[in-house]
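Below is one structure, written out as structure tokens, with a few remarks after it.
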2 protein chains.
Amino acid sequence: MAIEHAILVSLLEQPGSGYELARRFERSIGYFWTASHQQIYRVLKRMENDGWVDVRDVPQHGRPDKKEYSVADLGRAALSSWLHEPVEPESLRHDLAVKIRGAAFDDPATLIGEVERHRQAHSERLARYLAGEERDFTGAEARRPAAAPPDAGRELQHVVLRGGIAYERMTLAWLDDVLATLHRLVPER
Amino acid sequence: MAIEHAILVSLLEQPGSGYELARRFERSIGYFWTASHQQIYRVLKRMENDGWVDVRDVPQHGRPDKKEYSVADLGRAALSSWLHEPVEPESLRHDLAVKIRGAAFDDPATLIGEVERHRQAHSERLARYLAGEERDFTGAEARRPAAAPPDAGRELQHVVLRGGIAYERMTLAWLDDVLATLHRLVPER
DNA sequence: CTTGCCTATGCAACGAGTTGCATAGAAGGA
DNA sequence: TCCTTCTATGCAACTCGTTGCATAGGCAAG
């Protein structure tokens, strides 16, 4: 119900093509909302028909032309009205949790490798988030003169990123808990 | 890709009807995997056709008869093979994060009420989880004689619940961070 | 020179999930 | 008495998201 809105936000932060949006969804925006390029193209077309976005053909040399999308007035209005209506607090879809409870009816040892894999993946995500934070928010380069006006967009992007960091840290701690529990249940004789 | 597996785990823990499963999905299992009754009935029918579950008609007095499902050998095998194959580390779908970044292009003040609502909902979830932990795992009633064999299923259910608790605590702390950030951006003059 | 990757856009088919509606008897409160 | 809630099962329509495939030029490595 909200891919449109994620795209609107991303295009407001920076206009771009479907392809560029797809890459952003692999990075910043995608940290808390994923989308494949097929889906993005389909939704962009619908948004164009609804007058939410404007398109501009951008010829390029050495690579295919692209269509640069930007947010139209109708799109801005749609985003605004969505921001004013309540959304449900999210609920988790956690395959791994199902597997862990399922392990009671199988050999818990088979899960150890899987949990370690997830731990690795989350550890890499955390490293990426922290690098992004250092680069964009807390690094020396990122610091601006004290007189500069506080930038609401920057502040809000940062607090969302802090959420991602907190999530990954919590998940890593939990996965360690899971591993300790599994090792207790499977004493390697 | 895994509602079937969540149902199999739930039925292995305790056989039951579609209606009972739907209620479990509102409680324990549903803490990390949600499903509506319509979906559950549809999937149960498919699982029955595939021979993953057995059905038994249970006549009741004073209320409609029910169909009690239990896991068949094929279902157990399907669960086992799923447990042995890797799943992708989950990625978040967080409407609120999109809204927060979107607030940069609208009035951030409108979000404060929404964030407080989410805070309230997560606070209630945490209270429910903690009550469940006290009741089933750490309470005096729950304690069993030291000589009792360690129950793998119980241990695994508990570590999953600890994950839910950690998630809610982390989310509450983050929402406080978000609220502080929003109040900083909207100094109520 | 061929193989594979990167940019760039898109269709078609399928599967998963949501929303709305329907049925039906029993129990309990206004 | 009527209205709502609870138990219990299910269909139909729709939207959302994934997977597989297709096209096509440029660029770099082997």
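Every chain is numbered from 1 and lettered A, B, ... according to where its sequence line falls, protein lines coming before strand lines. Values reported hereafter were calculated over all heavy atoms of this structure, with side chains retained and with hydrogens, waters and symmetry mates removed.
- Taking atom CH2 of residue B/Trp33 and atom P of nucleotide C/dA16, one finds them 11 Å apart after rounding to whole Å.
- Among C/dT7, D/dG10, D/dG17, the nucleotide with an atom closest to any side-chain atom of A/Pro64 is C/dT7.
- Base contact: B/Gln38 has a heavy atom under 4.0 Å from a base atom.
- B/His37 places its NE2 atom 11 Å from the C1' atom of C/dG20, with the value rounded to the nearest Å.
- The shortest distance between the side-chain N/O atoms of A/Arg63 and the OP1/OP2 oxygens of D/dA24 is not below 4.0 Å.
- Across all strands, B/Ser17 comes closer than 4.0 Å only to sugar-phosphate atoms, never to a base (heavy-atom distances).
- Taking atom CD of residue B/Gln60 and atom P of nucleotide D/dT9, one finds them 8 Å apart after rounding to whole Å.
- Using a cut-off of 4.0 Å between Lys/Arg side-chain N and Asp/Glu carboxylate O, B/Arg23 and B/Glu26 are scored as not salt-bridged.
- Taking a cutoff of 4.0 Å between a charged side-chain nitrogen and a carboxylate oxygen, A/Glu48 and A/Lys45 do not qualify as a salt bridge.
- Judged by closest nucleotide on DNA chain C, A/Lys67 is the one of A/Lys67 and B/Ala35 placed further toward the 5' end.
- Annotation: of the two residues near DNA chain D, B/Arg93 and B/Lys45, the 5′-most nearest-nucleotide partner is B/Lys45.
- Heavy-atom minimum distance, B/Ala104 versus A/Gly153: CB-CA, 3.6 Å.
- As a whole-Å value, the separation of B/Tyr19 OH from C/dA24 C1' is 13 Å.
- Across D/dG10, C/dT19, C/dT9, the shortest atom-to-atom separation from the side chain of B/Ser36 is found for C/dT19.
- A salt bridge does not link B/Glu13 to B/Arg24: none of the charged side-chain nitrogens sits closer than 4.0 Å to a carboxylate oxygen.
- No hydrogens or angles were tested; on distance alone, a donor-acceptor pair under 3.5 Å links the side chain of B/Arg42 to the base of C/dT18.
- Counting to the nearest Å, the P atom of D/dA8 and the CD atom of B/Glu68 are 11 Å from each other.
- At whole-Å resolution of the value, NE2 in B/His5 and C1' in C/dA16 are 14 Å apart.
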